[in-house]
Amino acid sequence: MSTWRIARLIAAKDLRIELRSRIVTNQVLPFAALVMVMFAFALDNDAVLTRVAPGLVWLATMFSMLVLVQRAFAVESADGALDALQVAGVRPGGIFLGKSLALAIELAVLEIVLLIAAVVLYQADVAGSGVLLLVATFVAATTGLAFVGTLYGGLAAGAKGRETLLPLLMLPVVAPVLIGATRATEAAFGTNGATSSEGWPWVGLLVLFAALFGLGGTLAFGSLIDE
Amino acid sequence: MSTWRIARLIAAKDLRIELRSRIVTNQVLPFAALVMVMFAFALDNDAVLTRVAPGLVWLATMFSMLVLVQRAFAVESADGALDALQVAGVRPGGIFLGKSLALAIELAVLEIVLLIAAVVLYQADVAGSGVLLLVATFVAATTGLAFVGTLYGGLAAGAKGRETLLPLLMLPVVAPVLIGATRATEAAFGTNGATSSEGWPWVGLLVLFAALFGLGGTLAFGSLIDE
Amino acid sequence: MTPTPTPSPGRTAVARPTGTRFTRVLGAAVLLGMAWLVLFGLFLSPNDEKQKAGVRILYIHVPTAWLAYLAFIVTGVSSAAYLFKRTRSLTWDRIAGASAEIGVLFMGITLVTGSLWGRISWGIFWTWDSRLTTTAFLFVTYIGYLAVRNLGGTHQQRARRSAIIALLAVLEVPLVHFSVKWWRPLHQQESVAEGKLSGLMLFSLFVGLIAFTLLYVWLLLHRQRVMAMEDALDDQGLDVALAERRAEGAQV
Amino acid sequence: MEPVVHLAGVVAVLGGFPVLAGADLRVERGEILLLRGPNGAGKTSLLRLCAGLLPVERGEAMVLGCDIAVDRTAVRNRVGLLGHANGLYADLSVADNVAFWGATVGATAEEVAASLERMGLAGRLASVPVSRLSAGQRRRTALACLVARRAELWLLDEPHAGLDAAGRDDLDATLRDAAAAGATVMVASHELERAGALATRVVEIVGGQVRT
Amino acid sequence: MEPVVHLAGVVAVLGGFPVLAGADLRVERGEILLLRGPNGAGKTSLLRLCAGLLPVERGEAMVLGCDIAVDRTAVRNRVGLLGHANGLYADLSVADNVAFWGATVGATAEEVAASLERMGLAGRLASVPVSRLSAGQRRRTALACLVARRAELWLLDEPHAGLDAAGRDDLDATLRDAAAAGATVMVASHELERAGALATRVVEIVGGQVRT
Ligand code: HEM
Ligand SMILES: Nc1ncnc2c1ncn2[C@@H]1O[C@H](COP(=O)(O)OP(=O)(O)OP(=O)(O)O)[C@@H](O)[C@H]1O
Ligand SMILES: Nc1ncnc2c1ncn2[C@@H]1O[C@H](COP(=O)(O)OP(=O)(O)OP(=O)(O)O)[C@@H](O)[C@H]1O
Ligand SMILES: [Mg+2]
Ligand SMILES: [Mg+2]
């Protein structure tokens, strides 16, 4: 059975679970929106806010993502399904791609909402030329994040104290994405007079990052998850 | 068996689990520190940073706290221990106080580290007179947070998709703490030329808040956790 | 409020429509009140010297805000009434739930009208003014409350859980109200209470207040009766389920 | 003398499903009652109801003289429940777990040691964290915790599952002693030979009702 | 013909503890082998090792012709394991679970339906989410998933636990058919009468070694 078919199988399964439990829509979304509000409040100072809005979008994405990844693997390890998956001979690469796919889709939904929130709450607005850049950034960053999340989520799934190990593992790795995405988004938003042309190199970084972890994950996931 | 003895019993149990698993020290602490660094990244701009440092300390505390609370109740509901606790006739009030106590202690450790991180990373510095205020703020805020965390953590423990329901319930409620603590800390740090005298009313608010949730929790915890 | 009997024989409860003569009259009154509000709010009341026609948003913005407060307080009170042993009845719980739903709706309107108004008079949809933020928190808190109502369990469990949350949540209302005093606000200070409004404006505001109050009561009555029927339906479904469940035994 | 458990037409609902559909049961002091019945019959639900973990929707339910339809919490500190799950803290050692549960009823160190002894957990295992135990060793630990709780009414859900021959003998002996000492025992099990030999009375549960 | 499982002096370690201490075992095709032994003997560990979930520290271990000491993953898609845990997705319905595990080996809708039928899960239960099942119903679901996997080597850890009489009969029949169809079955169990009657051979495991 091809790696890709397995990936589809698993992504479909994860998304069905999500549909049944409605976690992302009913709980993570409000949470994410809330995180934005919290930030905004903690730094209540409009001048500051609009300037750092892009950064905040990505920070919020990342915190909500932690929740998502945790959930994604809680589902697997709750009743030893991860063991079963391995025995089922499901190719680790397949598991990795599948779970990343599902995660990416959920993340995308999330980011769109956050972006809108940012535009409304922080009066950030997209320079016409920036739209393309913005889309590119989001696609690249989302893919990258999904890969990293799955990779480390899988790693933490086995370990005890998962819920706490995960953030520790992930945040530092994600930092580059955070920076790249922030700068690119700033460029798109034209924050601090950045022009969208300045954004593309960052997108390049993001793509590189995504490719790197995508490849690494597909190859290494097996040895990571099996105890 | 008195409520208070049960509280001590449970707090001791939770702290022993913590000692055995070393989650707070090995994972949450680094995470919290990381969060601070992330903020620093996301808004790399010293002028801004020092100004918003107090807010960031508390934001970081809150996110780390979400992790802690989740952990505190994952431990209980992992193998149905919460059921067992109820059957054991352990007074809900006792459970509440006990888990709050353990959580408060863990939080305190956390905050001290964050505070130091803030002072170092953001060059925030405490005005001599502010030290007392700072201590008062931390004690009051920590107690309040521990109570809220335990209360909603317990409520969410039964529900499925716990890991995501919790933040939704908690964040809006802790907002006042966030605000109060931030303002008080600003006063202590003398940020934006605030003087420590301005801080005390906020400490008052925090104390009120803590008392409120402490009382509410002790009385109501039972009906919240029983499924 | 007219309390509905706790629904034991479900069928009759379900057959009963949610309207009564009283609510029909009330409904008519609501329509009338809204018509008046349109009349006064859009035509008769004068423009504000600073805010021009923008001020007319006031006639929706403020009443909905205040009614949201009222709704949340009603939720709190009836939650307390439920928890209080001698008055314990699921009717209180349903009133609390219904009221919270309406409150969330109204608070939503306040937020939307407010931010529209903000766009007009401040040039921005949103700012981190204390009142705006606290309002937002209040809004989310009650969304959380509604989420807790849907946690499942028996009706009694739902009632007890949510009642406690309601009692804690209602404490945020004063926080919102006084926020303008406590933090540096951009938002309007108390202007109605200090009588800063011209006569006709004030009157229009009261028209709006009355109209929305009527609407609130009307919605509340219907909603809590619908809830009563939902609960009744559950019990009715239970009777069917019980029969099936017992049949399991027979077929073994 | 009033019965320890007296259920009349008890209905209990989980997620809209009537897990108990009018159960009638009467258990006297000192009995060892075996609940048998097909999967999904309602055995676990019945035990959880008696432990005050499942609200009574209809009917009347008296346990140890408390009306659990009115107040489920009253009986709790007097019953002990071993469910399908063990309710152990994985990071704590076997001894710590038993000590904790014992402490909830103020058991002394000796009593805790005795409970460990009873389920053959003294020695090396006592200091091993539960997360490193085999399935059966965990079950034994859970049983030791139950013993340490010294309850008046013991509710056990498939206690034999996962135990080896020796463990089963320990268990049966323990339950017999408890019953002899005046406790009442209700056991749900599918191992009819084994549990049947232990029980003083057997009732069958089908479709959420007690068949008599 | 080469054996399906051939272990020689296999040592496996978990957290510093030698869960297997030099196990020797030889299982031929079509056998139904019962592993018995006290709690903590190493039965689960042995099964997990054969499934390639436990690394081989020392000794040689051939399963289905693959040397799992070298590459544990090779055998995986050819074995099926039912552990102490069920490995089900609580939010998905019974049918969805079985369908998913079936799909991992490309089973058709008919085969999935057949597996459900086999464990008596057709009808109302098929559409119920696993989170709302009783313990035994979950066990049945897990077994149905295993059946749908059509493995060459079946590894079952206390499969009878929690099943009612009917379920046990279904299970035994299923395993007999599987063996007759050329699969090999290894069962770890404490229910010696029941499992003993099913097995074609019994070995005892003690202290991480196979006693012969
Ligand atoms: C999203 C933005 C806004 C929100 C969330 C909001 C929210 C509220 C709330 C909750 C109240 C009730 C206050 C109380 O009596 O406790 C209120 C009252 C009021 N709002 Fe707003 N508001 C917003 C924007 C605005 C704007 C832009 C204006 C006009 C420039 C405005 C003018 C008023 C006035 C005049 C009152 C009555 C004040 C009093 O007499 O208490 N609001 N608003
Ligand atoms: N994660 C672990 N770390 C350390 N030791 C472990 C771990 N898991 C199991 N053990 C030990 O390995 C031994 C064998 O465990 P195993 O689960 O294989 O026993 P078993 O034969 O299945 O027992 P049971 O009949 O109770 O299921 C036990 O003594 C147990 O204490
Ligand atoms: N949370 C739930 N929501 C809805 N229905 C449930 C829930 N839990 C159990 N049920 C149903 O209630 C019935 C009784 O469950 P219970 O666990 O009491 O059965 P049991 O007799 O213990 O079965 P087993 O022998 O398999 O343990 C089952 O048919 C099950 O499907
Ligand atoms: Mg059961
Ligand atoms: Mg085992």
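All values below come from the heavy atoms of this structure, side chains included, with hydrogens, waters and symmetry mates left out. Chain A is the first sequence line, chain B the second, and so forth, proteins listed ahead of strands; every chain is numbered from 1.
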Measure the shortest side-chain to side-chain distance between [X] and [Y] over non-hydrogen atoms and say whether it is less than 4.5 angstrom.
X	Y	value
E:F100	A:I10	yes
A:L85	E:W101	yes
E:L92	A:I17	yes

_Value rounded to 0.5 Å, distance of NZ in A:K13 from OG1 in E:T104_ = 11.5 Å
*Measuring from E:R138:CZ to A:D79:CG, what's the distance to the nearest 0.5 Å?*
7.5 Å
*Salt bridge check: are A:R20 and E:D96 linked by an N-O gap of less than 4.0 Å?*
yes
_Residue pair E:A103 / A:L9: nearest heavy atoms and the distance that separates them_ = CB-CD1, 3.5 Å
*Show your working on salt bridge (charged side-chain N to carboxylate O under 4.0 Å, His left out) between A:R16 and E:D91 and close with a plain yes or no.*
CA-CA 9 Å; A:R16 169 177 281 117; E:D91 290 330; over 6 Å; no
*Residues, nucleotides or ligands: over 12 heavy atoms within 6.0 Å of E:R58 CZ*: no
